[in-house]
A.B. asks: 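After the structure tokens below, expect a handful of questions from me.
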Amino acid sequence: MRASLSHLALLPLTSSSHLLSPDSAPAAAAVPTNLNLDLAPLAVSGNTDCAAASASGAASFALSFISYGNYTALPGSVDTLPQLISISFAVTNDANGVSTACAFPLGGLAGDGTWADSGPAWQPCADRKDSDGTHRFAILTGAEFGLVDRYVAVNQTWFCHDDDDDGRLVAYTGVASSTLTMSCTESEVSDYHLQNCTSVDVRLPVTLL
């Protein structure tokens, strides 16, 4: 989907990233991840190839640093979260070169202390600030992950200058999805048993909405 900026409300510039070192134990308000992305403002909307690369059939998202973690407290552990299952990865929009981080838990603890898988559900990723020299706005990204079948999906709204002579700033919204093939290892980290699964980097074609 593409829309002129004049028809869109500019969003506040925010950043929402909860990142921890992979050596840290799980916490209720954070998700362990090995991502180390620079989330400083990045101005790329003036890229003259952006609109062409955002066209239907041309747009794509590149996913990297894909890591799934299942932390389970070891017997006898004290004052620890019983379990935490999470996913983290980086997303790069090939149209404008903007990268952002996605990291979120896959469900939550039930009343009896066991982990309850909530199923695939859209979760917000870190917002990225952008500018064309005149307007300032946020590139919004969301993601979901299916715990059982390793299904991943990403949606994003981004901005490019139109190829027309008037050079309008145009908004695009697209979604991409795939099933990942992941390899897993087992280890002990602090007071936890960790199952860590990773995937090779993938590039997903984007369907414009």
Side-chain angles (χ1 to χ4, degrees), residues 1-5 8 11 14-19 31 33-39 42 44-45 47-69 85-107 117-130 137-163 169-184 197-209:
M1 179 179 69
R2 47 182 288 174
S4 171
L5 185 64
L8 296 174
L11 299 168
T14 60
S15 180
S16 54
S17 177
H18 305 289
L19 305 180
V31 177
T33 177
N34 60 355
L35 298 184
N36 183 21
L37 296 180
D38 178 9
L39 296 181
L42 182 64
V44 294
S45 287
N47 181 358
T48 56
D49 295 328
C50 180
S54 299
S56 179
S60 60
F61 297 151
L63 275 58
S64 57
F65 303 105
I66 304 167
S67 179
Y68 154 88
I85 302 177
S86 65
I87 184 74
S88 62
F89 51 88
V91 179
T92 300
N93 186 327
D94 289 329
N96 56 19
V98 172
S99 297
T100 192
C102 298
F104 48 87
L106 302 171
D117 176 15
S118 59
W122 288 111
Q123 304 288 339
C125 299
D127 297 343
R128 291 306 310 269
K129 302 174 183 179
D130 199 3
F137 41 82
I139 298 173
L140 302 181
T141 307
E144 65 177 0
F145 183 78
L147 191 57
V148 176
D149 57 5
R150 306 296 199 253
Y151 166 85
V152 65
V154 176
N155 72 74
Q156 187 178 91
T157 296
W158 69 98
F159 300 84
C160 298
H161 283 287
D162 201 315
D163 285 334
L169 195 61
V170 175
Y172 296 83
T173 298
V175 63
S177 63
S178 183
T179 299
L180 301 176
T181 299
M182 309 188 80
S183 58
C184 301
C197 303
T198 59
S199 167
V200 298
D201 298 349
V202 295
R203 177 165 277 103
L204 308 179
V206 172
T207 299
L208 297 181
L209 303 178

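In what follows, every heavy atom counts, from backbone to side chain, and hydrogens, waters and symmetry copies are set aside. Counting from 1, the numbers follow the sequence of the chain as shown. Being a predicted model, the structure only gives us computed values, none of them experimental.
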A.B. asks: Please find the pair of heavy atoms, one from I66 and one from L180, that lie closest to each other, and give the distance.
C.D. replies: CG2-CD1, 3.8 Å
A.B. asks: Taking the side chain as every heavy atom from C-beta outward, state whether F65 and D201 have any atom pair closer than 4.5 Å.
C.D. replies: no
A.B. asks: Answer yes if the side chains of T157 and T173 hold a donor-acceptor pair under 3.5 Å, and no otherwise.
C.D. replies: yes
A.B. asks: What I'd like to find out is whether the side chain of C102 reaches to under 4.5 Å of the side chain of V91, using heavy atoms alone.
C.D. replies: yes
A.B. asks: Tell me which pairs pass side chain to side chain donor-acceptor pair (under 3.5 Å) where either residue lies in residues 140-154, with sequence neighbours left out.
C.D. replies: T141-Q156
A.B. asks: Report yes if some heavy atom in the side chain of L63 is under 4.5 Å from a heavy atom in the side chain of V152; otherwise report no.
C.D. replies: yes
A.B. asks: Locate the shortest heavy-atom distance separating A95 from W158; write the atom from each residue and the value.
C.D. replies: CB-NE1, 4.0 Å
A.B. asks: Identify the heavy atoms of A143 and F89 that sit nearest to each other, and give their distance.
C.D. replies: CB-CZ, 3.6 Å
A.B. asks: Just checking F137 against F159, ring centres under 6.0 Å apart?
C.D. replies: yes
A.B. asks: Just to verify, what does T92 make a side-chain hydrogen bond (donor to acceptor under 3.5 Å, both in side chains) with, not counting sequence neighbours?
C.D. replies: S99
A.B. asks: Who are the salt bridge (charged side-chain N to carboxylate O under 4.0 Å, His left out) partners of D94, not counting sequence neighbours?
C.D. replies: R203
A.B. asks: For the SG atom of C50 and the CG atom of N96, what is their distance to the nearest 0.5 Å?
C.D. replies: 5.0 Å
A.B. asks: Which atom pair, heavy atoms only, marks the closest approach of P120 to G146?
C.D. replies: CG-CA, 3.8 Å
A.B. asks: Hey, what do you get for CG (N93) to OG (S60), rounding to the nearest 0.5 Å?
C.D. replies: 7.5 Å
A.B. asks: For the CG atom of D127 and the CD1 atom of I139, what is their distance to the nearest 0.5 Å?
C.D. replies: 9.5 Å
A.B. asks: Could you tell me the separation between the CG atom of D117 and the CD1 atom of I85, rounded to the nearest 0.5 Å?
C.D. replies: 7.0 Å
A.B. asks: Taking side chain to side chain contact (heavy atoms under 4.5 Å, CB included) as the test, write out the residues that go with Q123, two or more places apart.
C.D. replies: F104, A121
A.B. asks: Does A176 have any side chain to side chain contact (heavy atoms under 4.5 Å, CB included) partners at least two apart in sequence or in another chain, and if so, which?
C.D. replies: F61, L204, V206
